[in-house]
Amino acid sequence: MGNGPTSAFASDQDLGVGALDNVNPNRYFGPSVLDRTHQLSLGGYAELPAGFQLGLIGHFWSPLSTSLVVPNTNLGPGEIFRTDFTGDGTVQDPMPGTHVGNFDRGINASNINNVITNYNNTYANQSTPAGQVLIQNGLLP
């Protein structure tokens, strides 16, 4: 899911990502993008001849949680008119109706099409709050 605001690359190993909605910081509350449902780590060492030591460590874990984010459109200025669904000034918001870390934690491969269909029927081709302000002030039809 890239390097967006809700990726593991944008988070700190101890804190996770910051608030994704400046007006309502708990709006997208969910599993950290560094969350793993299952983790198993094991290690050991062996003494070898001539004073050598061999150390091994292994990790087995489930995938990281993933957020469903509407990506930056890369169309230049005005991203608040395309991906700011909450009107707080942040862009690349999580897909409306989802939370941080929601994929594989409630939304999965069997129901992702329902989430996308809901987005397409409810939010796609609709004005964002910033666009609504322009329409209300007669700047756009």
Side-chain angles (χ1 to χ4, degrees), residues 1-48 50-141:
M1 295 274 148
N3 292 328
T6 60
S7 75
F9 301 109
S11 60
D12 181 274
Q13 66 181 356
D14 297 319
L15 299 175
V17 297
L20 300 175
D21 184 338
N22 292 330
V23 175
N24 182 0
N26 290 327
R27 177 185 302 250
Y28 297 114
F29 186 79
S32 165
V33 293
L34 299 174
D35 174 57
R36 295 184 188 276
T37 306
H38 306 287
Q39 293 188 65
L40 175 65
S41 298
L42 34 111
Y45 72 96
E47 302 259 346
L48 300 175
F52 288 103
Q53 292 183 338
L54 175 65
L56 298 172
I57 188 165
H59 303 282
F60 302 94
W61 49 54
S62 58
L64 293 168
S65 65
T66 305
S67 302
L68 299 173
V69 177
V70 178
N72 188 328
T73 61
N74 292 318
L75 295 174
E79 196 65 30
I80 61 172
F81 301 108
R82 296 183 288 270
T83 63
D84 178 14
F85 301 109
T86 60
D88 69 332
T90 61
V91 296
Q92 291 182 264
D93 286 347
M95 185 178 283
T98 68
H99 297 281
V100 170
N102 226 176
F103 190 71
D104 275 343
R105 308 294 193 283
I107 298 171
N108 54 39
S110 66
N111 63 7
I112 186 73
N113 286 335
N114 296 337
V115 174
I116 293 171
T117 299
N118 181 54
Y119 170 80
N120 287 339
N121 292 337
T122 310
Y123 295 95
N125 296 319
Q126 301 297 316
S127 299
T128 63
Q132 285 296 327
V133 169
L134 296 179
I135 292 168
Q136 290 169 359
N137 288 302
L139 298 173
L140 289 175

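This chain uses plain numbering: 1 for the first residue, then up along the sequence. As the structure is a computational prediction, the values presented were derived from the model and not from experiment.
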Tabulate below the donor-acceptor pairs under 3.5 Å that side-chain atoms of residues 55-62 make, not counting sequence neighbours, or state none.
{"residue": "His59", "atom": "ND1", "partner": "Ser41", "partner atom": "OG", "Å": "2.8"}
{"residue": "Ser62", "atom": "OG", "partner": "Thr37", "partner atom": "N", "Å": "3.0"}
{"residue": "Ser62", "atom": "OG", "partner": "His38", "partner atom": "N", "Å": "3.0"}
{"residue": "Ser62", "atom": "OG", "partner": "His38", "partner atom": "O", "Å": "3.4"}

>> Would Leu42 and Leu40 count as a side-chain contact (heavy atoms from CB on, under 4.5 Å) here? Give the steps.
In response: CA-CA 7 Å; Leu42 34 111; Leu40 175 65; 4.0 Å; yes

>> Before you tell me yes or no, could you show the steps for Thr98 and Tyr119 under side-chain contact (heavy atoms from CB on, under 4.5 Å), namely the whole-Å CA-CA distance, both residues' side-chain angles and the distance that decides it to 0.1 Å?
In response: CA-CA 10 Å; Thr98 68; Tyr119 170 80; over 6 Å; no

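Under the salt bridge (charged side-chain N to carboxylate O under 4.0 Å, His left out) criterion, no residue pair touches residues 108-136, with sequence neighbours excluded. Residue pairs meeting the salt bridge (charged side-chain N to carboxylate O under 4.0 Å, His left out) criterion with at least one member in residues 74-83, sequence neighbours excluded, are Glu79-Arg82. Among residue pairs with one or both ends in residues 99-126, those qualifying as salt bridge (charged side-chain N to carboxylate O under 4.0 Å, His left out) are Asp35-Arg105; sequence neighbours excluded. Sorted pairs that involve residues 123-132 and meet salt bridge (charged side-chain N to carboxylate O under 4.0 Å, His left out), not counting sequence neighbours, are lacking altogether. Among pairs with a residue in residues 126-141, none fulfils side chain to side chain donor-acceptor pair (under 3.5 Å), at least two apart in sequence or across chains.
When side chains are defined from C-beta on, Val115 counts as touching Met95, because their heavy atoms get closer than 4.5 Å. Considering only heavy atoms from C-beta on, Phe103 stays 4.5 Å or farther from Ser65 through its side chain. Using a 4.5 Å heavy-atom cutoff, the side chains of Thr86 and Asn24 are not in contact.
Between the side chain of Asn118 and the backbone N or O of Tyr123, no donor-acceptor pair lies under 3.5 Å. Using modelled atom types, one side-chain atom of Thr117 and one backbone atom of Asn113 make a donor-acceptor pair closer than 3.5 Å.
The CD1 atom of Ile135 sits 10.0 Å away from the CG atom of Leu139 when rounded to the nearest 0.5 Å. Between the CD1 atom of Ile107 and the OG1 atom of Thr66 there is a distance of 11.0 Å, given to the nearest 0.5 Å.
When all heavy atoms are compared, the tightest approach of Thr90 to Asp93 is OG1-OD1, 3.1 Å. Closest approach of Ser67 to Gly101, counting heavy atoms only: OG-N, 2.8 Å. The heavy-atom pair separating Ala109 from Ile112 by the smallest distance is O-CG2, 3.6 Å. Across all their heavy atoms, Gly89 and Asp84 have their closest contact at N-OD2, 3.0 Å.
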